[in-house]
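Below you'll find the structure, written out as structure tokens, and then a few comments.
Just so you know, these numbers use all the heavy atoms, side chains as well, and skip hydrogens, waters and symmetry mates. A note on names: the letters A, B, ... follow the listed sequences, proteins ahead of strands, and every chain is numbered from 1. This is a predicted model, so every value here is computed, not measured.
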2 protein chains.
Amino acid sequence: MVSRKTARVIQLADALSGRRVLHLRDAAALLGVSEMTVRRDVADNPGQFAFLGGHIVPAGEIEPDAPYELAREADSHAAAKREACVHAARRIRPDETIFIDCGTTLEYLVDLIPENYSITAVCYSLNVAEKLTRKSNVRTVMLGGVYHPSSASFSGNSGLETLDSLGINVAFLSAAGVDPGRGATCVHFHEVSVKQKVISLARESHLVVDLSKIGKLKPAFFAPIGVFRSIITEEGETQLPGL
Amino acid sequence: MVSRKTARVIQLADALSGRRVLHLRDAAALLGVSEMTVRRDVADNPGQFAFLGGHIVPAGEIEPDAPYELAREADSHAAAKREACVHAARRIRPDETIFIDCGTTLEYLVDLIPENYSITAVCYSLNVAEKLTRKSNVRTVMLGGVYHPSSASFSGNSGLETLDSLGINVAFLSAAGVDPGRGATCVHFHEVSVKQKVISLARESHLVVDLSKIGKLKPAFFAPIGVFRSIITEEGETQLPGL
DNA sequence: TACGATTTGTGATATTTGTCACAAAACCTG
DNA sequence: CAGGTTTTGTGACAAATATCACAAATCGTA
């Protein structure tokens, strides 16, 4: 037996699954109760719903009002990352297969894949995969595995094996740190084996980072600078001498 | 040369790509202009941004205020599917590994995984994966492969190989048709190999469908009824005689 | 620098949304 | 069905947001 209230909550969730937002007024009409009651229902299920203006939205849709500083911080490197991806996108050729690393930097690259190119894109992060699947001219290949929330990516042996069956023309790698001596490093160790295998298999690899990463050293080393064809930042592409 | 205005619009888009919503107040502070100006920027780019309450959201996030009737007719089967999943959820035990098939039906099951259970969940569809990764008590394993837009899922040899390394206690399968004689069928052939392998490896498999699927026959056959421990619909679980 | 055109900021006002306290209704449980 | 508990609705009020008109600032161009 479900309480009257949980029944309403379920009905609300149903209504929301169809559209993304529902006005309080409509929700009240839909459920046949007062707006006040809907308010209470929503307030009692913060995990499921949230308020935004006078509307109810699924809780996942929005972060619960992070303060202004966060936006500023998010923004400060975003422009640089986007700009770096603009340069990186020039390396994409029609009908080729590209690899897109995880992380926020290369998310922008997806937007910059030319609409008139037919591309196969390989990824292993949820964010990138989601953006890729929205593009009709891109065939998306995902490496599976266990999910790592820290980087929103998957990794595991099977993902590595998938790589063996792929032919990658251009690989775009990102890094959390680029040390002139030591090379490229990232934060999460589970990314290392994927990155390394990609570098070894791809015909050419490019390191795409914003300038704030240069000089940083992070815990997980994955490649010396020399393995990359170029380093691409917001200032453009820096060719590296071949091996 | 970009106008002052388009520069702001780009910056706004960047800020929004980091977080999902941005309060008008914060946007104004971020761009260093008045709220009125931000309002005008947003209003002038209805394709890109929208207002929701006092917040700016990416336009794609929301349908432009569809009328109340829409909510009402949102997926008439949603309630049935959810109800079926309520029954299915009773088969989930703490600390076990479950498999969740693709399709809209089993999306609801994710919401119903008890918060206090520690669960490993295996999936191969983007929708399900996304919902799973939001649950902190669930370890998500994804089978990779090539993306199929029709069912928002991935499939390929490597995904199948991943299954070999997993121990699945309970598998929840969905179907587009259940014919009493022929068995369970679905629409997309690429799903067949995944479903079959899961059924063969899982300790127990359950077929979760709403009643509208009963009696239907779809192009891709994947299992006779007998292989399932039970069929679960909105009316409850129907045990099947063991093999 | 002077000019008109455009963009931007400010404050007043109208509308919408949020909060709260309290009364009415519904719902247990013996 | 009496008693207490919980749920729901109502209206008053506070706060936030939307809209508008007009003044100030900025821009482009002679």
Figure out the [atom1]/[atom2] separation between [X] and [N], and round it to whole Å.
X: A:R25; N: D:dG9; atom1: CZ; atom2: C1'; answer: 18 Å
X: B:I56; N: D:dA18; atom1: CD1; atom2: P; answer: 10 Å
X: B:H23; N: C:dT17; atom1: NE2; atom2: P; answer: 14 Å
X: A:M36; N: C:dT17; atom1: CE; atom2: C1'; answer: 12 Å
X: B:E35; N: C:dG9; atom1: CD; atom2: C1'; answer: 11 Å
X: A:L24; N: C:dT19; atom1: CG; atom2: P; answer: 11 Å
X: B:R39; N: C:dG11; atom1: CZ; atom2: P; answer: 16 Å
X: A:F51; N: D:dA15; atom1: CZ; atom2: C1'; answer: 16 Å

### Task
Tell me, please, which residues at least two apart from A:T238 pass side chain to side chain donor-acceptor pair (under 3.5 Å).
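Residues passing side chain to side chain donor-acceptor pair (under 3.5 Å) with A:T238: none at all.
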### Which residues share a side chain to side chain donor-acceptor pair (under 3.5 Å) with A:H148, sequence neighbours left out
A:S155
### Query
Between the side chains of A:N127 and A:S125, is a donor N or O closer than 3.5 angstrom to an acceptor N or O?
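Note: A:N127 and A:S125 side chains miss the donor-acceptor criterion.
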### Message
At less than 3.5 Å, do the side-chain atoms of A:R40 and the base atoms of D:dG9 form a donor-acceptor pair?
### Response
yes
## Note on the structure
Against the side chain of B:T37, the closest entry in C:dG9, C:dT17, C:dC20 is C:dG9
### Of the listed nucleotides D:dT19, C:dT10, D:dG9, the one nearest the side chain of B:S34
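For B:S34, the side-chain atoms sit closest to C:dT10.
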### Message
Does any part of the side chain of A:F49, heavy atoms only, come nearer than 4.5 Å to the side chain of A:V9, both counted from C-beta?
### Response
yes
